[in-house]
Colleague: 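Before I ask anything, here is the structure I am working with.
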Amino acid sequence: MAAVAIRASQLVKWFGEGRARTLAVDHAALEARFGEMLFIVGPSGSGKTTLLSIISGILRPDEGTVTVKDTDIWRLSKDALAEFRLRTVGFVFQDYHLFPRLTTAENVAIPLILQNVDWDKALGEAEKYLEVVGLHERIGLPPFKLSGGEQQRVAIARAIVSQPQILVLDEPTASLDGDTGRRILSFVHDHILNDQRCILIVTHDARIFEYADRILRMEDGRITGTVTGTE
Ligand SMILES: Nc1ncnc2c1ncn2[C@@H]1O[C@H](COP(=O)(O)OP(=O)(O)O)[C@@H](O)[C@H]1O
Ligand SMILES: [Mg+2]
């Protein structure tokens, strides 16, 4: 079996104070392997985005550990954690988070610029990845000239431009029609997944379940089991 990419255990995250205090993640645990496309499904408010943010090194948990390739990420120094976010993880946000004033290629180049790759080289790489996601003819345009499905593909290109081993997508098809959503997922499955990469996807969308290797259910901050069949 492939090596373990992510091991998350006993994760706990609280938000707010006093009576508004909410337990968003309640001793959640999961394991994901390289070469695997792992889905997490569950009702709105069950803690899925919070869990992804903790695993991606974006949000510090109150308790528990996240081990990625044998590194306990929440024990890293601030700088090492920033490196981890920049090089090891690619995050695709639910509403894309593209910069409206930049071109499509510039948006994709940003992670490389942050890694001090020079501008021409970064743009060259960005164009390469826009080709990978089938958007070569859109390179000079600003994101608002693109359809929702195209913007999602730009966000995916930006997430993979630094060749992360962990790719995280938060509700990637939420703003897309069914056909576009399925096309994006089939593309991710066929071209972005490989045996040195692990992909985590949070979704409500049963139409894309066919692309999952495994589906975990999240309820009230906990991973409560595996979804099987067509439930
Ligand atoms: N930044 C925040 N501040 C306060 N409460 C939050 C914050 N983010 C999430 N929550 C709360 O934590 C719970 C889990 O949220 P979230 O992880 O966004 O769930 P999901 O992604 O499954 O819809 C919800 O009750 C939500 O209101
Ligand atoms: Mg969410």
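Order of listing sets the numbers, starting from 1, for every ligand and every atom in it. Any value given below was found using the heavy atoms of this structure, including those in side chains, with hydrogens, waters and symmetry copies removed.
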Colleague: Starting from atom 8 (N) of ligand 1, find the nearest protein heavy-atom neighbour and note its residue, name and distance.
Modeller: Phe15 CE1, 3.4 Å

Colleague: Tell me, please: is Gly47 in heavy-atom contact with ligand 1, that is, under 4.0 Å?
Modeller: yes

Colleague: Are any non-hydrogen side-chain atoms of Leu123 and Val108 less than 4.5 angstrom apart?
Modeller: no

Colleague: Answer yes or no: is there an ion pair linking Arg222 with Asp220, defined by an N-O contact shorter than 4.0 Å?
Modeller: no

Colleague: Who's the nearest protein heavy-atom neighbour of atom 18 (O) of ligand 1, and how far?
Modeller: Thr49 CB, 3.9 Å

Colleague: Looking at ligand 1, is there an atom of it that comes within less than 4.0 Å of some heavy atom belonging to Ser46?
Modeller: yes

Colleague: Yes or no, since that's all I need: does a protein heavy atom fall within a distance strictly under 4.0 Å of atom 14 (C) of ligand 1?
Modeller: yes

Colleague: Decide if atom CD of Glu137 counts as having more than 12 heavy atoms of other residues, nucleotides or ligands within a radius under 6.0 Å.
Modeller: yes

Colleague: Check whether any side-chain heavy atom of Val66 lies under 4.5 Å from a side-chain heavy atom of Val68, and answer yes or no.
Modeller: yes

Colleague: For the CZ atom on Arg33, are there more than 12 heavy atoms of other groups (residues, nucleotides or ligands in this structure) within a distance under 6.0 Å?
Modeller: yes

Colleague: In terms of side-chain geometry, is the basic nitrogen of Lys128 or Glu125 positioned less than 4.0 Å from the acidic oxygen of its partner?
Modeller: yes

Colleague: Before we go on, tell me: are the rings of Phe91 and Phe93 under 6.0 Å apart, centre to centre?
Modeller: yes

Colleague: Taking only heavy atoms of Ala24, which atoms of ligand 1 are found under 4.0 Å from at least one of them?
Modeller: 12 (O), 13 (C), 14 (C)

Colleague: List the closest protein heavy-atom neighbour of atom 23 (O) of ligand 1: residue, atom name, distance to the nearest 0.1 Å.
Modeller: Gly45 N, 2.7 Å

Colleague: Under 4.0 Å from any heavy atom of Pro43, which atoms of ligand 1 are there?
Modeller: 22 (O)

Colleague: Give the ring-plane orientation class for Phe39 versus Phe209, where under 30° counts as parallel, over 60° as perpendicular and anything between as tilted.
Modeller: perpendicular

Colleague: Classify the contact between Thr22 and ligand 1 as side chain, backbone, both or neither, using a heavy-atom distance cut-off of under 4.0 Å.
Modeller: side chain

Colleague: Does even one non-hydrogen atom of Gly221 get within less than 4.0 Å of ligand 1?
Modeller: no

Colleague: At less than 2.8 Å, would any N/O/S atom of Thr49, backbone or side chain, sit next to the Mg ion (ligand 2)?
Modeller: yes

Colleague: Please determine if Asp118 and Lys121 form a salt bridge, counting it only when a charged side-chain N lies under 4.0 Å from a carboxylate O.
Modeller: no

Colleague: Identify, for atom 16 (P) of ligand 1, the protein heavy atom at the shortest distance, and state residue, atom and that distance.
Modeller: Thr50 OG1, 3.6 Å

Colleague: Of the protein's non-hydrogen atoms, which lies at the shortest distance from atom 22 (O) of ligand 1, and what is that distance?
Modeller: Lys48 NZ, 2.8 Å

Colleague: Using protein heavy atoms only, decide if any is under 4.0 Å from atom 1 (N) of ligand 1.
Modeller: yes

